[in-house]
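Side-chain atoms are counted along with the backbone in the values below, which use heavy atoms only and exclude waters and symmetry mates. Within every chain, numbering begins at 1; the chains are lettered A, B, ... in the order of the sequence lines, protein sequences first and strands thereafter. Just so we're clear, the structure is a prediction, and the values are computed from it rather than from any experiment.
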Number of protein chains: 2
Amino acid sequence: MAKENKSKYALLGLLNFVPLSGYDIKKWTDNSLRFFWSENYGHIYPLLKELEKAELVTRQKVDSEKGPSKNVFTITQKGTKEFLAWLKQNENPETYRIEILLKLFFSSKLALNEIIVKLENHIHQQEQLLSEYKEVENGFDHIKDKRIRLSAEMTMSYGFMHAEMNINWARDTIAKIKTFR
Amino acid sequence: MAKENKSKYALLGLLNFVPLSGYDIKKWTDNSLRFFWSENYGHIYPLLKELEKAELVTRQKVDSEKGPSKNVFTITQKGTKEFLAWLKQNENPETYRIEILLKLFFSSKLALNEIIVKLENHIHQQEQLLSEYKEVENGFDHIKDKRIRLSAEMTMSYGFMHAEMNINWARDTIAKIKTFR
DNA sequence: ATGTTACTCTATCATAGTGATATAGTCAAC
DNA sequence: GTTGACTATATCACTATGATAGAGTAACAT
């Protein structure tokens, strides 16, 4: 059997907050969810069609304030039920694909200096992320609902800890390389 | 354009150490690389065919000590060149899909208790990983080449720090939930 | 007025990546 | 001599990605 379709639940989860178009969904994943979840148009539009066919969502054509009219999707009772069932399920462990680690694993073919440059670049990227997270966090003041703010804080703190861990690891590793003889 | 084929470089990188069959490659990614890289038969075999066609690897039919005969692949000069070019390149930032964070983002639909159970399960999984890492680390004593041992240690320390960070995050988050009112 | 730029919205293509399973050979143990 | 563990190759159905095509809307400038 094929991989489980997780995008399906991401879309249902968002639509369970508020009706959205495909374009809106992409904006959500590019902004609020980007740090732990991504989606593509190439998957969103076909999936919305399927969800509609399976009666998990309904489509309404709506004139937009700015730009062309949009197809707004609303979750059905059946959709909410399926979403909640997924939400309660246990997660399986993730499988990872971390390119910098793959390269470090093969790095005996690189000069030590080249590895250090890679790690410094990694630190820079993670610091970048950290400052992006801080900006997103500033928006949390506007969240009135306490439970929803809690949700946002829980995911955000993961982002911070993950980026900080990456920076610490890269710094430690540079130090280790510098004492290598 | 489509996503960049990273499996290609994973295979070339392994073959750059030693000639391997498709089955051997799967074993490597399931054992040594599993903590930061995964591959599937469904991708390995078609890819080996392509690499052969592009003259990045060559195929030799070899009788195995045990089991049926195997197709062993050897990297060519052209293949080594392409592998090294990738190795020297800069990495782009990763995009993440972390299911437990997606669920926590939507978790205002769950009871606080249910979230705690999820986080405890997460801690358990990460502790499991940690003990698996320790076993793999024990094998490092057999690595004679200092540079190769360095490579293994760098990737392994990431695994440890990543799992520990996950455990710390989950514990902090449970504490936070318990003070929620 | 028109054209440039930015944004909104839907859609599709080619390809990469996943998980499961089918098929078949080898070998040891019971 | 059959069962079960392992070796090995291959393919299927599906999910996911990144890029881009194409068309409408609107602000603003020249």
Taking any heavy-atom pair under 4.0 Å as a contact, classify B:K61: base, sugar-phosphate, or nothing.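 Counting heavy atoms under 4.0 Å across all strands, no contact is made by B:K61.
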
Name the nucleic acid region contacted by B:G42, choosing base, sugar-phosphate or nothing; use a 4.0 angstrom heavy-atom cut-off, strictly under.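 Counting heavy atoms under 4.0 Å across all strands, the contact made by B:G42 includes a base.
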
Rounding to a whole Å, what distance do you find between [X]:[atom1] and [N]:[atom2]?
X     : N      : atom1 : atom2 : value
B:Y45 : D:dT7  : OH    : P     : 12 Å
A:I44 : D:dG18 : CD1   : C1'   : 13 Å
A:L51 : D:dT15 : CG    : P     : 11 Å
B:L20 : D:dA8  : CG    : P     : 11 Å
A:E94 : C:dG17 : CD    : C1'   : 15 Å
B:H43 : C:dA14 : NE2   : P     : 17 Å

Can you work out whether A:Y41 or B:S21 has the more 5'-proximal nearest nucleotide on DNA chain D?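 Closer to the 5' end of DNA chain D: B:S21.
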
Reading DNA chain D from 5' onward, which residue's closest nucleotide shows up sooner: A:E50 or B:R59?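 This one resolves to B:R59.
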
For the residue pair A:Y158 and B:W169, does the interplanar ring angle fall in the parallel (under 30°), tilted (30 to 60°) or perpendicular (over 60°) class?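 Judged by the thresholds at 30° and 60°, the geometry between A:Y158 and B:W169 is perpendicular.
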
For the residue pair B:W28 and B:F17, does the interplanar ring angle fall in the parallel (under 30°), tilted (30 to 60°) or perpendicular (over 60°) class?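 Plane angle under 30°, so parallel.
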
Which ILVMFWY residues can you reach from B:Y45 by hopping between side chains whose heavy atoms are under 4.5 Å apart?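 When side chains under 4.5 Å apart are linked, the cluster holding B:Y45 also contains B:Y23, B:Y41.
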
What's the closest nucleotide to the side chain of [X] if the choices are [options]?
X     : options                : value
A:R97 : D:dT9, C:dT18, C:dA11  : C:dT18
A:K3  : C:dT10, C:dA16, D:dA16 : D:dA16
B:Y23 : D:dC6, D:dT11, C:dT18  : D:dC6

Under a 3.5 Å distance rule, please check whether [X] uses its side chain to pair with a backbone N or O of [Y] as donor and acceptor.
X      : Y      : value
A:K26  : A:I44  : no
A:D24  : A:S21  : yes
B:T76  : B:L56  : yes
B:N121 : B:V117 : no
A:K103 : B:Q89  : yes

Does anything in residues 24-40 of chain B reach DNA chain C, meaning a heavy atom under 4.0 Å, and if so which residues?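 Residues of residues 24-40 of chain B that come under 4.0 Å of DNA chain C are, in numerical order, B:S38, B:N40.
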
Please list, by residue number, the residues of residues 4-19 of chain B whose heavy atoms come closer than 4.0 Å to an atom of DNA chain C; answer none if no residue qualifies.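 Result for residues 4-19 of chain B: B:E4, B:N5, B:K6, B:S7, sorted by number.
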
Is any side-chain heavy atom of A:R34 less than 4.5 Å from a side-chain heavy atom of B:Y96?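 A side-chain contact under 4.5 Å is absent here.
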
Verify the contact: side-chain N or O of B:K70 to OP1 or OP2 of D:dA8, cut-off strictly under 4.0 Å; return yes or no.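 Indeed, a polar side-chain atom of B:K70 lies that close.
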
